[in-house]
Protein chains: 2
Amino acid sequence: MTSPDRVRADARRNRERVLAAARAVFAERGLDAPMAAVARRAGVGVATLYRHFPTRDALVREAFARQRETCSRALAEALAAADPWDGLRHLVETVCALHREERGFPAAFLAAFPGAAPEHARLGRRAERDLALLVRRARESGALRPDFHPSDLVMALVAHCGMVAALPDDAAASRRLVAYLLQSFRADRANAPLPPPSALSLGALLSTARGPGGLSPSSSRRPGTRG
Amino acid sequence: MTSPDRVRADARRNRERVLAAARAVFAERGLDAPMAAVARRAGVGVATLYRHFPTRDALVREAFARQRETCSRALAEALAAADPWDGLRHLVETVCALHREERGFPAAFLAAFPGAAPEHARLGRRAERDLALLVRRARESGALRPDFHPSDLVMALVAHCGMVAALPDDAAASRRLVAYLLQSFRADRANAPLPPPSALSLGALLSTARGPGGLSPSSSRRPGTRG
DNA sequence: CCGTAAACGGACGATCGCGTCCGCTTCCAG
DNA sequence: CTGGAAGCGGACGCGATCGTCCGTTTACGG
């Protein structure tokens, strides 16, 4: 059962090339871009891709491992911060910055959700416990509103993530939403100035007639749906 | 160029059947469910479906026409309200309730976005103008914070919509997010009690190991991406 | 009741993505 | 240097969806 441990150098190299290609392709074409596109971009045969990552899930998971690592670290840092509110803010801002900056990650983040709870909950449980502790401390410090619930943090992250997924180019909107949310979580209302608003317009959202090319290009589906 | 005007009764009936089926199927299987599935559900041949709605976009647009109509009406009502803040709240709550209650609509709402601005901007322009007016009035009434920008409303709607798309069953999270956002938009901070929190957990979001079936079932893509 | 035009439906060819299979190449230990 | 095992790559068979084409059915005005 003990695997060779010694991996051929070219294999390791190819693995990295595939991961980089996957990030690029997922960022450009969405999480369900053809596997072949990833392989081509990596300069590698499909078989090699499938050998390293038997399923799309495995590939996505590995491709964004660093990002998840960053999230996880941000939680630890938040917990270690001298002021729990600062910790909370740090957590939110770190995760949201990741959503904003790492193209394709929001989709992976959202996609991770529905199937999240079932098994493996090892690290998940721990994260939950840490979050609960952080929230309790921040509430007790008086900075966080007393009716704040840990799930509100998740709610905020998912909402932000969903917005970024829909509007991947609007960093202004992302920053502004984060600022609004953080302000609404404070117990007092230190109305710190908000970052500048985005250029979003109501556009055709309420319009009845729609031009061509409206929704067709990658018609989008709800990320969280059991097959 | 003048079309017959007189449409056969069965044609009209089939059209309605297809629209109802489309809403059902889109709700269950996402916006890019097979056209054939819609046809089957409607008890109709594919050809009939394609005759009435030449493209998927056309079908989606028509299927959710009533919902868009409701949004549009909500804006008008908001503008007509005696108190502009009440109007704004009504608008947000109406649209978000729609997101929450009409399965499939959030995806359509989001999908409508990226291609929104280009042409047809007729109704869009008007909506924008109305919104700007509403916002100005609400600011001047003192209820809405002075640094609120009309795009913030769109930002909030897209964020809420994104969250609902990711967590279609969590009405509690939806209501709570709306409450947080509305509170954060107030100039004063009338800390009205929030609706109860959701049962969301951090789950495996930060977890490194992921069990099987994590993201695979309908792997989700960013709704707004030009092909 | 009847004829016609409109509407219907399902079969069909084309396209696309998946994941495997197998012959060839490359690494590296001895 | 050399042999063998690990790794590689692309062709291939499969299944799903698309959108059209055409023979058949149905509504309805006269």
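Below, read A as the first sequence line, B as the second, and so on, with proteins coming before strands; counting in each chain starts at 1.
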Note to self: One thing to verify: whether R175(B) and D170(B) come together as a salt bridge, which I'm taking to mean a side-chain N less than 4.0 angstrom from a carboxylate O.
What the structure shows: no
Donor-acceptor pairs are to be reported for all side-chain atoms of residues 43-55 of chain B against protein atoms at under 3.5 Å, with residues two or more places apart or in another chain.
from, atom 1, to, atom 2, distance (Å)
T55(B), OG1, D57(B), N, 3.4
T55(B), OG1, A58(B), N, 3.0

Just distance, no hydrogens or angles: give the donor-acceptor pairs under 3.5 Å from side chains in residues 95-102 of chain A, sequence neighbours left out.
from, atom 1, to, atom 2, distance (Å)
H99(A), ND1, H160(A), ND1, 3.2
R100(A), NE, S174(A), OG, 2.7
R100(A), NH2, S174(A), OG, 3.2
E102(A), OE1, Q67(A), NE2, 3.4

In whole angstrom, what separates [X]'s [atom1] from [N]'s [atom2]?
X: L59(B); N: dC18(D); atom1: CG; atom2: C1'; result: 14 Å
X: H52(B); N: dG19(D); atom1: NE2; atom2: P; result: 17 Å
X: R12(A); N: dG7(D); atom1: CZ; atom2: C1'; result: 14 Å
X: R6(B); N: dA5(C); atom1: CZ; atom2: P; result: 19 Å
X: F53(B); N: dC18(D); atom1: CZ; atom2: P; result: 16 Å

Next item on the list: Scan A9(A) against the nucleic acid and name what it touches under 4.0 Å (heavy atoms): base, sugar-phosphate only, or nothing.
Entry: sugar-phosphate
Check: Parallel, tilted or perpendicular for F148(B) and F185(B), by the 30°/60° rule?
Finding: perpendicular
Margin query: Output one letter per nucleotide in nucleotides 16-26 of chain C: B when a protein non-hydrogen atom lies under 4.0 Å from the base, S when only the sugar-phosphate is that close, - when neither is.
Written below: -SSBBB----B
Next item on the list: Would you please indicate if the ring centroids of F64(B) and F109(B) are separated by under 6.0 Å?
Entry: no
Notebook entry, point to check: salt bridge (charged side-chain N to carboxylate O under 4.0 Å, His left out) between R23(A) and E28(A): does it pass, once the steps are laid out?
Noted result: CA-CA 9 Å; R23(A) 275 184 294 269; E28(A) 285 170 13; over 6 Å; no
